Chemist: 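Have a look at this one before I ask anything.
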Amino acid sequence: MGPVPSRWKGVCMAGHDFQASKCNRKLIGARYYNASGDDDDMANKKPNDEDQTARDIVGHGTHTASTAGGSSVPGASYYGLAEGTAKGGSPGSRIAVYRVCMSSGCRGSAILAAFDDAISDGVDVLSLSLGASAYSRPDFSTDPIAIGSFHAVEKEITVICSAGNDGPTSSTVVNAAPWILTVAATTIDRDFESDIVLGGNIVVKGEGIHFSNLKSSPTHHLIHGKSAKSSVGSNGDASNCFPSALNGDKIKGNIVLCDHSDDSYSKKEIKNAIKEFGGIGLILIDNLERSVASPSGDFPMTMVSSKEAAEILSYINSTKTPTATILPTVTVNKYKPAPMVAYFSSRGPSYQTENLLKPDVAAPGVNILAAWIQTNDTEEVPAGKKPTLYNLISGTSMSCPHVSGIAATIKSMNPSWSPSAIKSAIMTTATQTNNKKLPMMTDSGSLATPYDYGAGEVSPTGALQPGLVYEATTNDYLQFLCNYGYGLSTIKLITTLHSGFKCSDNSTKEMISQLNYPTIAISHPTMKGSKSVNRTVTNVGADDETTYTVSVISPDGLDVEVVPKMLKFTKAERKLSYRVVFSTTASSPRNSDLFGSLTWTNGKYSVRTPFVISGSS
């Protein structure tokens with residue numbers, strides 16, 4: 001790479017096991033924020049050596065950084081699985097890391113300090129695979145991520161955040177401020193298949209990541225957990241293979257089929273218990289997590305759905321001495337259907353802002369291969385192998401940096417674009433279909449909605465040519481805070497107000513729908529009458545003089561009118577506005593939500609805006 005740009009003001013902090021000289025033309029900044037800050041619950045704790053460094057000690061930061069901006073590396077794999085060339089979303093970008101999470105947690109003061117440093121250092125994009133739990137999320141005025149990102153966006157820095165991992169429960173999305181680009185997680189067209197072969201060579205598909213040496217022929221005894229019940233265990237607990245409910249002597253030497261409908265014990269805990277009892281394999285029945293492969297090292301562990309398990313149970317119940325084997329994992333490329341929304345991905349509508357659709361988009365977040373730290377943890381390392389420098393992990397932490405890489409690429413091609421323009425480009429070009437050319441589904445098999453994926457699955461190439469963009473200013477975001485219900489004194493906790501700013505007299509939560517956002521959300525409209533929202537688009541396409549026409553897809557029970565139906569851009573008029581009028585036609589209150597979209601096109605570019613009309617509360 002060429003010399004580090006002179007505008008870069010960042011530093012590389014020396015620390016435990018990390019010298020400042022480790023930085024180079026790719027890694028140009030490294031800071032850490034240890035636990036000697038002001039937080040009462042952590043200020044008196046003496047930080048350990050591993051907290052006194054910018055170096056990653058768990059692998060998460062390495063994985064996310066390489067996903068966002070890692071250079072191209074041929075021959076990357078997870079012990080031979082998912083083999084190919086690995087590269088980040090923006091391999092030409094430089095990386096600065098700000099380590100805010102330590103062994104004691106991720107302090108708000110550290111997060112805010114990192115935002116301040118990143119802003120003054122001169123970053124262009126901030127990627128935060130970080131967020132509060134959906135069940136303890138702070139309000140905007142006390143949320144360090146919302147506050148820090150507001151400051152960053154004010155300084156023209158695009159901020160991308162994870163939507164959270166508390167799905168599939170509705171209204172669990174976090175990092176929902178409108179100045180943040182909030183990312184959900186989907187599967188990709190690669191699967192890790194570990195099949196079960198039953199006696200009689202009946203093959204049942206399974207999902208798992210392991211490197212077992214079980215015989216490929218089905219000669220191993222197969223039992224259901226319930227048949228290994230201890231004298232004190234219940235049938236239900238034994239079926240779920242709770243260690244306390246099992247008789248270890250009955251497990252020894254067998255492949256065990258276990259329900260995983262009760263998450264009192266994790267998959268890892270159950271696997272370790274079966275292994276300690278002398279079991280030689282584990283088949284887990286898990287409808288929720290079936291599409292997310294779990295690593296188990298040399299121990300053969302695979303997951304099946306209840307539908308697939310029915311075949312195994314039928315075989316066990318109809319056979320005097322049931323036998324089976326679990327085949328080692330194989331990589332399945334061009335897997336269909338994909339993408340699917342991952343079960344863990346946090347869902348909308350936003351608990352905080354029903355009149356603003358969140359998440360914004362979805363991106364790959366299941367079994368993502370990216371760089372990893374060298375580790376002494378050998379639990380998942382196959383016999384005879386050294387710990388891998390790449391790992392397969394899942395989460396919205398993985399989907400977030402995919403979008404950060406796209407944002408960085410857009411910024412490099414359009415240095416003058418604002419964060420809202422970059423966000424708009426990514427959102428309006430997103431797709432809603434899978435590789436079977438059918439509407440996207442969730443991994444449970446239901447039809448996905450904007451509450452699952454926002455505007456849709458990101459399109460890295462489409463986002464580079466959006467045609468039109470929706471832009472919002474700092475003043476727009478301040479007015480959002482007014483509409484949210486904050487007075488000026490509360491807003492001042494988030495940012496400094498310029499003289500003369502005041503909240504509009506008609507500030508209400510309903511007015512949040514009027515924010516110039518690439519999506520439209522209206523909550524609980526009245527049964528009769530209409531609701532209108534206004535939007536303004538800016539022409540950023542190749543042609544100064546061009547005409548866009550609108551098309552609308554609306555559900556039954558909703559009339560949608562766009563005025564005007566045609567936008568004629570000229571050199572003098574790069575910004576044009578339109579109004580959307582929504583009228584419900586139902587004669588009685590609705591409990592269901594209505595989803596649709598409007599798309600502007602000039603024959604070259606298509607600019608799609610989804611809309612959501614939520615049902616009666």
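Given the structure is predicted, the values throughout are model-derived calculations rather than measurements. Numbering starts at 1 and runs along the sequence shown.
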Chemist: Within the side chain of H210, is there an N or O that forms a donor-acceptor pair under 3.5 Å with the backbone of S296?
Modeler: no
Chemist: How about T431 and T433: does a side-chain donor come under 3.5 Å of a side-chain acceptor?
Modeler: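 On atom types as modelled, these side chains do not qualify, holding no pair under 3.5 Å.
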Chemist: As an exercise, state the distance from NE2 of H63 to CD1 of I368, rounded to the nearest 0.5 Å.
Modeler: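 Interatomic distance, H63 NE2 to I368 CD1, rounded to 0.5 Å: 7.0 Å.
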Chemist: Evaluate the criterion side chain to side chain contact (heavy atoms under 4.5 Å, CB included) for residue pair H220 and T323; output intermediate values, then yes/no.
Modeler: CA-CA 5 Å; H220 310 284; T323 58; 6.0 Å; no
Chemist: Taking the side chain as everything from C-beta on, heavy atoms only, tell me whether P218 gets closer than 4.5 Å to V197.
Modeler: yes
Chemist: For the pair C241/C258, is the SG to SG distance below 2.5 Å?
Modeler: yes
Chemist: Within the side chain of R55, is there an N or O that forms a donor-acceptor pair under 3.5 Å with the backbone of G15?
Modeler: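 A pair under 3.5 Å: no.
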Chemist: Take a 6.0 Å sphere around NZ of K87 and say whether it holds more than 12 heavy atoms from other residues, nucleotides or ligands.
Modeler: no
Chemist: Return the set of residues passing side chain to side chain contact (heavy atoms under 4.5 Å, CB included) with V403 (not counting sequence neighbours), or none when no residue passes.
Modeler: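 With sequence neighbours excluded, V403 shows a side chain to side chain contact (heavy atoms under 4.5 Å, CB included) to I160, L181, V183, V361, A363, I426, V458, given in chain and number order.
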Chemist: Will you find, in the side chains of K358 and T182, an N or O donor that is under 3.5 Å from an N or O acceptor?
Modeler: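 Present: a donor and an acceptor within the cut-off.
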Chemist: Please report the closest heavy-atom contact between N367 and R190, naming both atoms and the distance.
Modeler: O-NH2, 3.1 Å
Chemist: Would you check if the side chain of D56 reaches a backbone N or O of T62 as a donor-acceptor pair within less than 3.5 Å?
Modeler: yes
Chemist: Of all the heavy-atom pairs spanning I255 and T325, show the shortest one and how long it is.
Modeler: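 That would be CD1-CA, 3.7 Å.
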Chemist: D17 and T53: side-chain donor and acceptor closer than 3.5 Å?
Modeler: no
Chemist: Could you go through E193 and Y335, starting from their C-alpha distance and side-chain angles, then the distance that decides it, and tell me whether this counts as side chain to side chain contact (heavy atoms under 4.5 Å, CB included)?
Modeler: CA-CA 11 Å; E193 197 171 303; Y335 180 83; 5.6 Å; no
Chemist: Hey, could you give me the CG/OG distance between N213 and S216, rounded to the nearest 0.5 Å?
Modeler: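 Between N213 CG and S216 OG, I get 11.5 Å after rounding to 0.5 Å.
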Chemist: Between M440 and T186, what is the shortest heavy-atom contact and its length?
Modeler: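 Scanning both residues completely, I find the closest heavy atoms to be CE-CG2, 4.0 Å.
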Chemist: When you compare the side chain of Y315 with that of I196, does any pair of heavy atoms fall below 4.5 Å?
Modeler: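 The answer is no; the side chains never approach within 4.5 Å.
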Chemist: Please determine whether side-chain hydrogen bond (donor to acceptor under 3.5 Å, both in side chains) holds for the pair N165 and T396, giving the CA-CA distance in whole Å, both sets of side-chain angles, and the decisive distance to 0.1 Å.
Modeler: CA-CA 6 Å; N165 298 328; T396 55; 2.8 Å; yes
Chemist: Yes or no on salt bridge (charged side-chain N to carboxylate O under 4.0 Å, His left out) for R99 and D51, after CA distance, side-chain angles and deciding distance?
Modeler: CA-CA 9 Å; R99 185 183 169 200; D51 286 345; 3.6 Å; yes
Chemist: Once the angle between the rings of Y33 and Y98 is folded into 0 to 90°, is it parallel (under 30°), tilted (30 to 60°) or perpendicular (over 60°)?
Modeler: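 The arrangement is parallel - the two ring planes meet at less than 30°.
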Chemist: Side-chain contact test, heavy atoms from C-beta onward, threshold under 4.5 Å: evaluate it for V256 versus F277 and give yes or no.
Modeler: no
Chemist: So does A310 get a backbone contact from the side chain of S314, meaning a donor-acceptor N/O pair under 3.5 Å?
Modeler: no
Chemist: Is there a donor-acceptor pair closer than 3.5 Å between any side-chain N or O of S212 and the backbone N or O of P300?
Modeler: no
Chemist: Between P144 and F115, which heavy-atom pair has the shortest distance, and what is it?
Modeler: O-CE1, 3.9 Å
Chemist: Using atom types as modelled and distance alone, determine if a side-chain donor or acceptor of S194 lies under 3.5 Å from a backbone N or O of I209.
Modeler: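 Side chain of S194 to backbone of I209, a donor-acceptor pair under 3.5 Å: no, none is there.
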Chemist: Count the heavy atoms belonging to other residues, nucleotides or ligands that lie under 6.0 Å from NZ of K226, then report whether that count exceeds 12.
Modeler: no
Chemist: Tell me, do L438 and P337 make a side-chain contact under 4.5 Å, heavy atoms counted?
Modeler: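 When only atoms from C-beta onward are counted, P337 and L438 do not touch, as no gap falls below 4.5 Å.
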Chemist: Surrounding CG of N317 (heavy atoms of other residues, nucleotides or ligands, distance under 6.0 Å), is the total greater than 12?
Modeler: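 Yes, because the 6.0 Å sphere around CG of N317 holds more than 12 heavy atoms from other groups.
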Chemist: For F242 and Y265, take the angle between the two ring planes, folded into 0 to 90°, and tell me which bin it lands in: parallel under 30, tilted 30 to 60, perpendicular over 60.
Modeler: tilted
Chemist: Applying side chain to side chain contact (heavy atoms under 4.5 Å, CB included), run through E289 and Y343 and close with a yes or a no.
Modeler: CA-CA 7 Å; E289 302 181 23; Y343 75 90; 3.2 Å; yes
Chemist: Would you name the heavy atoms of V292 and M303 that are closest together and state the gap between them?
Modeler: O-CE, 3.0 Å
Chemist: Examine distances only and state if a side-chain atom of T449 and a backbone atom of Y451 form a donor-acceptor pair shorter than 3.5 Å.
Modeler: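 Pair found, side chain donor or acceptor close to backbone of Y451.
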Chemist: Would you give the length of the straight line joining atom CD1 of I280 to atom CD1 of I251, rounded to the nearest 0.5 angstrom?
Modeler: 11.5 Å
Chemist: Going by heavy atoms in the side chains, are Q374 and L389 under 4.5 Å from each other?
Modeler: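 A side-chain contact under 4.5 Å exists here.
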Chemist: Report yes or no: do T172 and D166 form a side-chain donor-acceptor pair below 3.5 Å?
Modeler: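 No, no side-chain donor-acceptor pair sits under 3.5 Å.
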Chemist: Are D259 and H224 close enough that some pair of their side-chain heavy atoms sits under 4.5 Å apart?
Modeler: yes
Chemist: Do the side-chain N and O atoms of S129 and H60 include a donor-acceptor pair separated by under 3.5 angstrom?
Modeler: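 No donor-acceptor contact under 3.5 Å links the two side chains.
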Chemist: To the nearest 0.5 Å, tell me how far K271 NZ sits from S266 OG.
Modeler: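 Between K271 NZ and S266 OG, I get 9.5 Å after rounding to 0.5 Å.
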Chemist: Using only atom types and a distance under 3.5 Å, with no angle test, would you say the side chain of Q19 pairs donor to acceptor with the backbone of A14?
Modeler: no
Chemist: Where do D452 and R347 land on the salt bridge (charged side-chain N to carboxylate O under 4.0 Å, His left out) test, with the steps shown first?
Modeler: CA-CA 5 Å; D452 303 315; R347 305 309 213 259; 2.7 Å; yes
Chemist: Say whether, by atom type as modelled, one donor and one acceptor occur between the side chain of S93 and the main chain of A408 under 3.5 angstrom.
Modeler: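 Flag not set: sc S93 to bb A408 has no pair under 3.5 Å.
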Chemist: Do other residues, nucleotides or ligands put more than 12 heavy atoms under 6.0 Å from D263 CG?
Modeler: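 Result for CG/D263: open.
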Chemist: Working to the nearest 0.5 angstrom, can you tell me the gap between L257 CG and I285 CD1?
Modeler: 4.0 Å
Chemist: Would I147 and D143 count as a side chain to side chain contact (heavy atoms under 4.5 Å, CB included) if you check the C-alpha gap in whole Å, the side-chain angles of each, and the deciding distance to 0.1 Å?
Modeler: CA-CA 6 Å; I147 295 168; D143 180 355; 5.5 Å; no
Chemist: Measuring from atom NZ of K268 to atom CE of M301, what distance do you get when rounded to the nearest 0.5 angstrom?
Modeler: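 Between K268 NZ and M301 CE, I get 10.0 Å after rounding to 0.5 Å.
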Chemist: Taking the side chain as every heavy atom from C-beta outward, state whether N434 and M340 have any pair of such atoms under 4.5 Å apart.
Modeler: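 Result no, sub-4.5 Å side-chain heavy-atom pair not found.
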Chemist: Would you confirm whether R290, through its side chain, and N287, through its main-chain N or O, come within 3.5 Å as a donor-acceptor pair?
Modeler: no
Chemist: Quick one: are K229 and S239 in side-chain contact, heavy atoms under 4.5 Å?
Modeler: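 A side-chain contact under 4.5 Å is absent here.
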Chemist: Please find the pair of heavy atoms, one from C400 and one from S162, that lie closest to each other, and give the distance.
Modeler: CB-OG, 3.5 Å
Chemist: Consider only side-chain N and O atoms of E308 and S305, and report whether a donor and an acceptor are under 3.5 Å apart.
Modeler: yes
